Structures are given as structure tokens and as C-alpha cells.
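Presented below is the structure to which this report refers.
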Amino acid sequence: MERLWFITNPSSGSATREKCEALEAVFEERGLALAGQTGFPDQPIPSAEELAAQRVDTVVLFAGDGTINAALCALADWDGAFLILPGGTMNLLAKALHGDADPAAIVHAAHEGGRRVALPYVEVGPHRAFVGLILGPAAHWARAREAARKGRRARVLHAIRSAWRRTFGKGIRVAGVPGMRARYQAVFVSPAPDALEVAAIDARDWASIAELGWTWLTGDWVAARAVTERRAERLRPVSKRPVLALFDGEPVTLAPDAEASGGMTRPAFIATSAE
């Protein structure tokens, strides 16, 4: 960890310009060279060739789970290391790798002796989820959340009405998961080293629907998962139409026959918490 490329997203949670500058000061204090910087999404993720040309050995990601997902997928074939800092709302990957440490403390610990680890992911075609994949009507609440983040009130109300109607609809069925034969408002698939962990939500009453919608709207979508939990090697939605899915909170439309499976990255992620 000597030459860095710093990727941030000013609209992701707590990754403000002031905090980015404070981290850059920490890089300088540690004697780390900053070879380049990207403000996503206004600037594109650097290519593996660009990082190699600049002799970058570590990409530092200070952003939310969605931005981190975009960078990890774009650089899946790059052979360097990733240091993930908590710069979003939930910061689930950063917590898994570093506990509750603050960004500056993580940089110090990583430079002093961080270890590299591999991470599991959920994969559907070219798309990967390192935190989790969401299928079903509840995925439509993400559109309301994005409109709320951008301050577009009219779009928020329209998106809420649309998500509410869909959530009270038929729901979604999935094939390949033992014991899951019903229709669900949401199917949350999280990665594990040896399987996919699947949690299905069947919320039919007004109170459950309201709670489900609120957790999606406020961004804490993991808190809404409950009810039926199973493990599977792979699964697919049962649908004749394209299916909206959320990969680490970012919307993707999948083909009706799309199949989700699991995988493991190479040991590319710097971890500083206890093993």
C-alpha cells in the first residue's frame, strides 16, 4: 500500500469534500502517494490499464455501497488491492472489514499491517452484489429513495404510490430455494462463502407494508428482511417479464430467466479488524 487511487462520491452519505481533504492529509502523513482521484459518478471509474500505467497498488473507496459496487465490478480483473472506507449511509462492507473504526483510523491501520481477504458475492450475469441482492416488488421503493435523495418531491410521491401498488400485488416467486413456494414482497439474497443466504418477506397487512416501505425509503433496507430464511446454491425468479433487482441498493432490470449464483473474489480487500 504505497501508491493510491482515491474514488469518492460526494453525494454518498458522509463522503463530503471536507472529509475527503482530511483523508488526503492522512495519506500525506503516512507518506502515501496519491496517483489519481475520481469523483463518481461525474467522472468515470479508472480502467485497469490506467491504474497499471500509474503504478497504483491500492484503490481507496470512500463512498456508499452502490458506488463501491460500481468500482468493484468495473475493476474485477485488476490485480491490485481495495481499501474500503465508510463513506455512505449503511457502510456494510466497511464494517465487515474494519468494524466501527473511522476512516482515518482505518488508513493508519491498513498501512501499518492490514491483511488481504477474499469476499463472497452474489452474481447474475455481469452483475455482482457484495452486500446483497433484492428481488420483488419492494425493489421499486429504491426509486422513491433516490428521488428523496435528490430532493425531487413530486417524483417521490409518484414513486411511493407506484411502489405501494406493486407491494400489495401478487409478489414474486423464486425457484431453486427449498421451502420457498409462496409469493413474496421481497427476496433478499446475501452472499456467503459456501452458499446463498435467502430471506423472503411476505408482508400483507398495512402495518407490515408501511414498515417495509419506510425501511426502503430511509435506506436501511436490510432491516426489513425477516420471516422465511433458507440457503441455496442458486436461484432464479419465476416470471415471464423482466424483473427489477437491486444490487447493493442499485437498480438493474434482469431478464425473466436470470439465475443468481455465488462466488468468491481473490484476496483483494484490505481488512483491519480482528479475524
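As the structure is a computational prediction, the values presented were derived from the model and not from experiment. Scope of the values below: all heavy atoms of this structure, side chains included, with no hydrogens, waters or symmetry mates.
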How many angstroms lie between atom [atom1] of [X] and atom [atom2] of [Y], to the nearest 0.5 angstrom?
X: Phe188; Y: Leu246; atom1: CZ; atom2: CG; value: 10.0 Å
X: Leu23; Y: Thr8; atom1: CG; atom2: OG1; value: 10.0 Å
X: Cys73; Y: Asp248; atom1: SG; atom2: CG; value: 8.0 Å
X: Arg173; Y: Leu135; atom1: CZ; atom2: CG; value: 14.0 Å
X: Leu34; Y: Leu4; atom1: CG; atom2: CG; value: 6.5 Å
X: Arg115; Y: Leu97; atom1: CZ; atom2: CG; value: 8.5 Å

If the condition is salt bridge (charged side-chain N to carboxylate O under 4.0 Å, His left out), which residues does [X] pass it with, not counting sequence neighbours?
X: Arg266; result: none
X: Glu18; result: none
X: Arg55; result: none
X: Asp194; result: Arg231

**Study point:** 4.5 Å side-chain heavy-atom contact, Val189 and Val187
**Key:** yes
Review point. With Asn91, which residues qualify under side chain to side chain donor-acceptor pair (under 3.5 Å), at least two apart?
Key: none
Going by side chain to side chain contact (heavy atoms under 4.5 Å, CB included), name the residues that satisfy it together with [X], two or more places apart in sequence or in a different chain.
X: Ala175; answer: Arg236, Val238
X: Asp79; answer: none
X: Pro46; answer: Trp5, Ile7, Thr38, Glu50, Leu51
X: Ala110; answer: Met1, Leu83, Ile270, Thr272

**Study point:** Donor + acceptor pair across side chains of Gln37, Glu24 (<3.5 Å)
**Key:** yes
Only pairs under 3.5 Å count here: list side-chain donor-acceptor contacts from residues 255-265, not counting sequence neighbours, and write none if there are none.
residue : atom : partner : partner atom : Å
Glu259  : OE1  : Arg234  : NH1          : 2.8
Thr265  : OG1  : Leu119  : N            : 2.9
Thr265  : OG1  : Leu119  : O            : 3.4

Check your understanding: Of all residues at least two apart in sequence or in a different chain, which pass the ring pair (Phe, Tyr, Trp, His ring centres under 6.0 Å) check with Phe269?
Key -> Phe82
Practice item. Could you list the residues that satisfy ring pair (Phe, Tyr, Trp, His ring centres under 6.0 Å) with His127, not counting sequence neighbours? Key: Phe247
